[in-house]
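Accompanying notes for the structure given below.
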2 protein chains.
Amino acid sequence: MTAEPASPGTRPGRTPRLPRTARRFQLLGAAREVFVAQGYHAAAMDEIAERAGVSKPVLYQHFPGKLELYLALLEEHSAQLVTSVQEALESTTDNHTRIVRSVQAYFDFVNDPSGAHQLVLESDLRSEPAVRQLIETAFARCVRAIAATIVADTGLTQDEADLLAVGLVGLAETTSRWWLVRGGTVSKERAVESMVELAWRGISGYPRQERPPGQPDQADGLDAAAGPPDGAGSAPAASEP
Amino acid sequence: MTAEPASPGTRPGRTPRLPRTARRFQLLGAAREVFVAQGYHAAAMDEIAERAGVSKPVLYQHFPGKLELYLALLEEHSAQLVTSVQEALESTTDNHTRIVRSVQAYFDFVNDPSGAHQLVLESDLRSEPAVRQLIETAFARCVRAIAATIVADTGLTQDEADLLAVGLVGLAETTSRWWLVRGGTVSKERAVESMVELAWRGISGYPRQERPPGQPDQADGLDAAAGPPDGAGSAPAASEP
DNA sequence: GCCGCACGCCGATCTTGACCTCCACCGATG
DNA sequence: CATCGGTGGAGGTCAAGATCGGCGTGCGGC
């Protein structure tokens, strides 16, 4: 006691006393910046607090610990990605458009100026079960959505459709991240277009695959949406034999 | 632990005094096990030494520090992956076989019982520049090898080929890891076959990029191995070394 | 208009855990 | 038989997560 408060007139007020909700939001923003820039392990709670303009105790009054803070951000952004992909798939019944919008969803997600995609796609805390589970669940939701679309519009088995969906997700993830890093060379639209074309060529002709006889194949490929292909003509240059 | 120092006569000799090379090899093996199981940050040098049956000073006599030990493992396995992919591409001139063997290279790499692929594909030390650079270099080498093949056998530009190669690498990476985790459902051969088919459909028809109609470019696909199209000049410009 | 209350905020500190070296010991060699 | 290089356990250092008492401000009640 009587430590050395020096002079009581020292300007103590740094922060204008925010309400809890606003403060929490600001802390999440600061944490996102630091976690994205440094990664989980290299990030320090001191820096997050400093970045937010508050002291560490305030941080610990809003979040029980570093892990929970990270998980809050991770949950937010992984849900955002999943929602984007699901909306892209549900927004239309034309499968080519579905692919376009899904790939675009990944590119947009990666292109977010906050760089939050790194938390979901390049986390350095996969050893933590909670983190791993969250990331894998988000991945699985995207895969499941795509696979459900595939299995609904083709005669493929669930396993086959899962595999294809995983491949497409990996393609979109990897290319979008690569495009972001090497962003200068190719425009986003061009990259998306290339990837869509690759994916579309890859799966558009699928239902005509040699299947055990007795299984009447659908009349058309994936490009046949729910209804008849009435002038959709979406197939770009698909080599239609 | 530390039951008691008790008597100094407790048979201290555990290790039969290995030569340096063998000892180093053994240390690398122990380190690999621990790093794979725990990740870099959760791994402790104590555990690596204990796993190897030696004490910590010997560990530090073979490696300057934890990071260097990790880098040695990372370099070894990333080089192994790159070599596998390069050999797969150079082993034949048939592009379909090239894809088969390349995808198989990824699946084999992931399927290694040591689990070493996690070091390269799921490292939790990307914040470290040396680690990041090593991983990205390995990735880039795989991409470059594939892109070089594409650009040699088609008229695509370097940028386009890079993009396709990145997509194929991402596809192989993601599906192989997914297959390993969900290994029970699909056999490896079946998964490889599906992915090869997807990739092959995706790129096999490529050299006939949107060209004015009326061109009878029937057999002019990637499956036509030799002979770059004469009219495909289009200023490659050779930007990257 | 004024007072007391309560809440939010801060400086300084503690503790843990992991990486990295110093004193006793033992088998091979001249 | 003596020496010497390598081995083993105990300890130092430091960074980073987590926390305790005090302070100042804004607001409801009188």
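Predicted model only: the values in this text are computed from it and were never measured.
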What is the separation between atom [atom1] on [X] and atom [atom2] on [N], rounded to the nearest whole Å?
X: B:Leu125; N: C:dA18; atom1: CG; atom2: P; result: 16 Å
X: B:Gln61; N: D:dG8; atom1: CD; atom2: C1'; result: 11 Å
X: B:Leu27; N: D:dT7; atom1: CG; atom2: C1'; result: 13 Å
X: B:Glu50; N: D:dG9; atom1: CD; atom2: C1'; result: 13 Å
X: A:Arg23; N: D:dG26; atom1: CZ; atom2: P; result: 13 Å
X: B:Gln38; N: C:dA18; atom1: CD; atom2: P; result: 10 Å

Side-chain N or O of A:Arg20 closer than 4.0 Å to phosphate OP1/OP2 of C:dC7: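 So the side chain of A:Arg20 is outside the cut-off, no N or O lying under 4.0 Å from OP1 or OP2 of C:dC7.
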Pairs where residues 98-118 of chain A contributes a residue and the test side-chain hydrogen bond (donor to acceptor under 3.5 Å, both in side chains) is met, not counting sequence neighbours: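 side-chain hydrogen bond (donor to acceptor under 3.5 Å, both in side chains) check on residues 98-118 of chain A returns A:Ser91-A:Arg101, A:Asn95-A:Arg98, A:Arg98-A:Asp153, A:Asp108-A:Lys188, A:Asp112-A:Ser114.
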Those residues that, when tested against A:Glu76, pass salt bridge (charged side-chain N to carboxylate O under 4.0 Å, His left out) (two or more places apart):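 With neighbours one apart ignored, the set is A:Arg32.
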A:Glu173 and B:Thr174 side chains, donor-acceptor separation under 3.5 Å: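 Side chains of B:Thr174 and A:Glu173: no pair found under 3.5 Å.
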Listed once per pair and sorted, the ring pair (Phe, Tyr, Trp, His ring centres under 6.0 Å) pairs that draw on residues 57-92 of chain A, sequence neighbours left out: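 As it turns out, the ring pair (Phe, Tyr, Trp, His ring centres under 6.0 Å) pairs with a partner in residues 57-92 of chain A, which skip direct neighbours, are A:Phe35-A:Tyr70, A:Tyr40-A:Tyr70.
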Inter- and intrachain pairs under ring pair (Phe, Tyr, Trp, His ring centres under 6.0 Å), touching residues 158-195 of chain A, at least two apart: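 Listed by first then second residue: A:Phe107-A:Trp179.
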Mind listing the N/O atom pairs, protein and nucleotides 19-23 of chain C, below 3.5 Å?
residue : atom : partner : partner atom : Å
C:dC19  : OP1  : B:Ala43 : O            : 3.1
C:dC19  : OP1  : B:Lys66 : NZ           : 2.6
C:dC19  : OP2  : B:Met45 : N            : 3.0
C:dC20  : OP2  : B:Tyr60 : OH           : 3.1
C:dC20  : OP2  : B:Lys66 : N            : 3.2
C:dC20  : N4   : B:Lys56 : NZ           : 2.2

Set of side-chain contact (heavy atoms from CB on, under 4.5 Å) partners for A:Ala147, sequence neighbours left out: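 Residues passing side-chain contact (heavy atoms from CB on, under 4.5 Å) with A:Ala147: A:Gln158, A:Ala161, A:Asp162, A:Ala165.
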